[in-house]
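Quantities reported herein were computed from a predicted structural model and do not represent experimental measurements. Below, all heavy atoms of this structure are taken into account, side chains as well, without hydrogens, waters or symmetry copies.
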2 protein chains.
Amino acid sequence: MNENVIKTLPKCPVEITLMLMGDKWKTLIIRDLLKETKRFGELKKSLTGISQKVLTQHLRSMEESGLVNRKVYAQIPPKVEYSLTEIGKSLSVVHDAMYKWGDEYKKMQPS
Amino acid sequence: MNENVIKTLPKCPVEITLMLMGDKWKTLIIRDLLKETKRFGELKKSLTGISQKVLTQHLRSMEESGLVNRKVYAQIPPKVEYSLTEIGKSLSVVHDAMYKWGDEYKKMQPS
DNA sequence: CTGAATCCTTGTCGATACTG
DNA sequence: CAGTATCGACAAGGATTCAG
């Protein structure tokens with residue numbers, strides 16, 4: 001764990017971004033949370049193929065690096081909501097660029 | 001291999017982008033080639049820590065997906081130059097977004 | 001429902017040696 | 001110089017089980 005801990009921040013800004021979101025699952029988690037706050041189960045269902053272990057790991061990691069908020073409701077059955085912090089929301093710029101590029105690339109493919 | 005082969009293109013544009021450049025090394029290769037055309041050895045030296053095997057794999061893969069051009073000079077000793085295709089160059093938008101975001105994040109860190 | 005803990009499979013990567 | 005081939009180490013991820 002602690003891949004994101006801010007000890008020795010890479011020199012290159014791109015590497016910083018990579019460290020925080022340069023990961024398939026993290027990018028998709030951000031995509032989901034950019035739309036709306038979601039519960040753990042909703043995220044799991046939305047991210048087809050992810051195991052709850054990996055989802056938990058990534059959410060914790062993103063919480064540590066200040067991208068994600070975790071709100072626990074003291075009730076039975078448990079309810080935990082995840083949302084993006086301000087910093088996390090600012091990743092929408094990167095996300096949008098990826099979205100647009102992917103869309104263009106798609107159009108260029110010989111169907 | 002063939003992670004990039006265009007068989008079943010994901011529905012979500014973001015996933016397409018992820019498939020093509022959502023990888024630490026690929027992103028850094030693109031960063032390098034956005035600056036200038038480079039020879040194999042130059043790339044290897046620039047990307048500290050990468051093994052030549054992995055570098056070759058990624059370059060091949062990016063060539064397959066149409067992001068990178070490979071130009072071989074028939075001479076001894078061999079000389080191979082890598083550059084970005086037009087599609088590859090268009091990734092600069094994504095790269096810039098990542099660069100800027102990483103830069104901002106860095107500023108926000110408690111030094 | 002959320003999530004911690006185990007086990008175990010898989011593939012990615014690094015190191016090394018060898019070739020045109 | 002620019003690869004290919006092989007091997008082994010290691011970590012990421014999946015499946016399953018158990019708990020609050």
Side-chain angles (χ1 to χ4, degrees), chain A residues 1-5 7 10 15 18-30 32-33 36-65 67-83, chain B residues 1-5 7 10 15 18-30 32-33 36-65 68-84:
Chain A
M1 80 290 314
N2 280 5
E3 337 125 36
N4 314 310
V5 154
K7 9 189 170 189
E15 296 183 35
L18 271 177
M19 194 171 52
L20 298 181
M21 74 165 295
D23 176 276
K24 179 190 170 190
W25 291 129
K26 282 180 186 168
T27 308
L28 296 180
I29 291 172
I30 289 168
D32 273 27
L33 294 184
E36 56 188 343
T37 295
K38 284 194 172 177
R39 296 184 58 175
F40 183 85
E42 292 174 324
L43 274 174
K44 181 162 182 347
K45 186 163 64 176
S46 172
L47 303 170
T48 358
I50 198 173
S51 66
Q52 113 284 72
K53 174 185 139 187
V54 174
L55 178 53
T56 302
Q57 285 177 345
H58 281 109
L59 286 171
R60 290 286 183 282
S61 154
M62 295 169 76
E63 203 188 342
E64 275 187 63
S65 39
L67 264 39
V68 163
N69 284 319
R70 179 165 180 266
K71 182 170 184 182
V72 184
Y73 292 82
Q75 59 180 48
I76 302 293
K79 172 179 173 182
V80 181
E81 279 185 349
Y82 291 93
S83 58
Chain B
M1 80 289 317
N2 279 6
E3 335 124 39
N4 315 308
V5 153
K7 9 188 169 190
E15 296 184 35
L18 272 178
M19 193 169 55
L20 299 182
M21 72 166 294
D23 176 275
K24 178 191 171 189
W25 291 128
K26 283 180 184 164
T27 308
L28 296 180
I29 291 172
I30 290 168
D32 273 26
L33 294 183
E36 56 190 342
T37 294
K38 284 195 174 178
R39 297 182 57 174
F40 184 85
E42 293 174 325
L43 273 175
K44 181 163 181 344
K45 186 163 62 175
S46 171
L47 302 169
T48 0
I50 198 172
S51 66
Q52 108 290 67
K53 174 185 139 189
V54 174
L55 178 54
T56 302
Q57 284 177 346
H58 281 109
L59 286 171
R60 290 284 182 285
S61 155
M62 294 168 77
E63 203 187 343
E64 276 187 63
S65 40
V68 163
N69 284 319
R70 179 165 179 266
K71 183 172 186 183
V72 183
Y73 293 82
Q75 61 179 50
I76 302 294
K79 173 178 172 182
V80 182
E81 280 185 349
Y82 291 92
S83 58
L84 292 181

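Picking from C:dA4, C:dT2, D:dA2 the nucleotide with the shortest atom distance to the side chain of A:R60 gives C:dA4.
Heavy-atom distances to DNA chain D give each of B:K53 and B:E42 a nearest nucleotide, and the one nearer the 5′ end belongs to B:E42.
Atom NZ of B:K45 and atom P of D:dA2 are 11 Å apart (whole Å). Rounded to whole Å, the distance from CG on B:L59 to P on D:dG3 is 8 Å. Rounded to a whole Å, the NZ atom of B:K71 is 17 Å from the C1' atom of D:dA2. Between B:L43 atom CG and D:dC1 atom P the separation is 14 Å, expressed in whole Å. Per the geometry, CD belonging to A:Q75 stands 19 Å off P belonging to D:dG20, to the nearest Å. Distance B:W25 CH2 to C:dC13 P: 9 Å, rounded to the nearest Å. One atom, CD1 of A:I50, and another, C1' of C:dG3, lie 13 Å apart when rounded to the nearest Å. The separation between B:L28 atom CG and C:dC13 atom C1' is 15 Å, rounded to whole Å.
Here A:L59 contributes atom CG and A:L67 contributes atom CG; the two are 11.0 Å apart, rounded to the nearest 0.5 Å. Taking OG1 from B:T27 and CG from B:L20, the interatomic distance works out to 11.0 Å, rounded to the nearest 0.5 Å. Rounding to the nearest 0.5 Å places CG of B:D32 at 6.0 Å from CG of B:L43.
In this structure, the side chains of A:V54 and A:Q52 stay at 4.5 Å or more apart for every pair of heavy atoms. The closest side-chain heavy-atom distance from B:N69 to B:E63 is not below 4.5 Å.
Using modelled atom types and a 3.5 Å distance limit, the side chains of A:K26 and A:S61 yield a donor-acceptor pair.
Contact annotation: B:Y82 side-chain N/O to D:dC1 OP1/OP2 distance is not under 4.0 Å. Residue B:R70 has no polar side-chain atom (N or O) positioned under 4.0 Å from OP1 or OP2 of D:dA2. Between B:R39 and the phosphate of D:dA2, there is a side-chain N or O to OP1/OP2 separation shorter than 4.0 Å.
Cation-pi geometry between A:K38 and A:Y82 is not met at under 6.0 angstrom from the ring centre and within 45 degrees of the axis.
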Nucleotides 17-20 of chain C: which of its N/O atoms have a protein N/O under 3.5 Å away?
none

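Residue A:T56 is classed as a sugar-phosphate contact, given heavy-atom separations below 4.0 Å to backbone atoms only.
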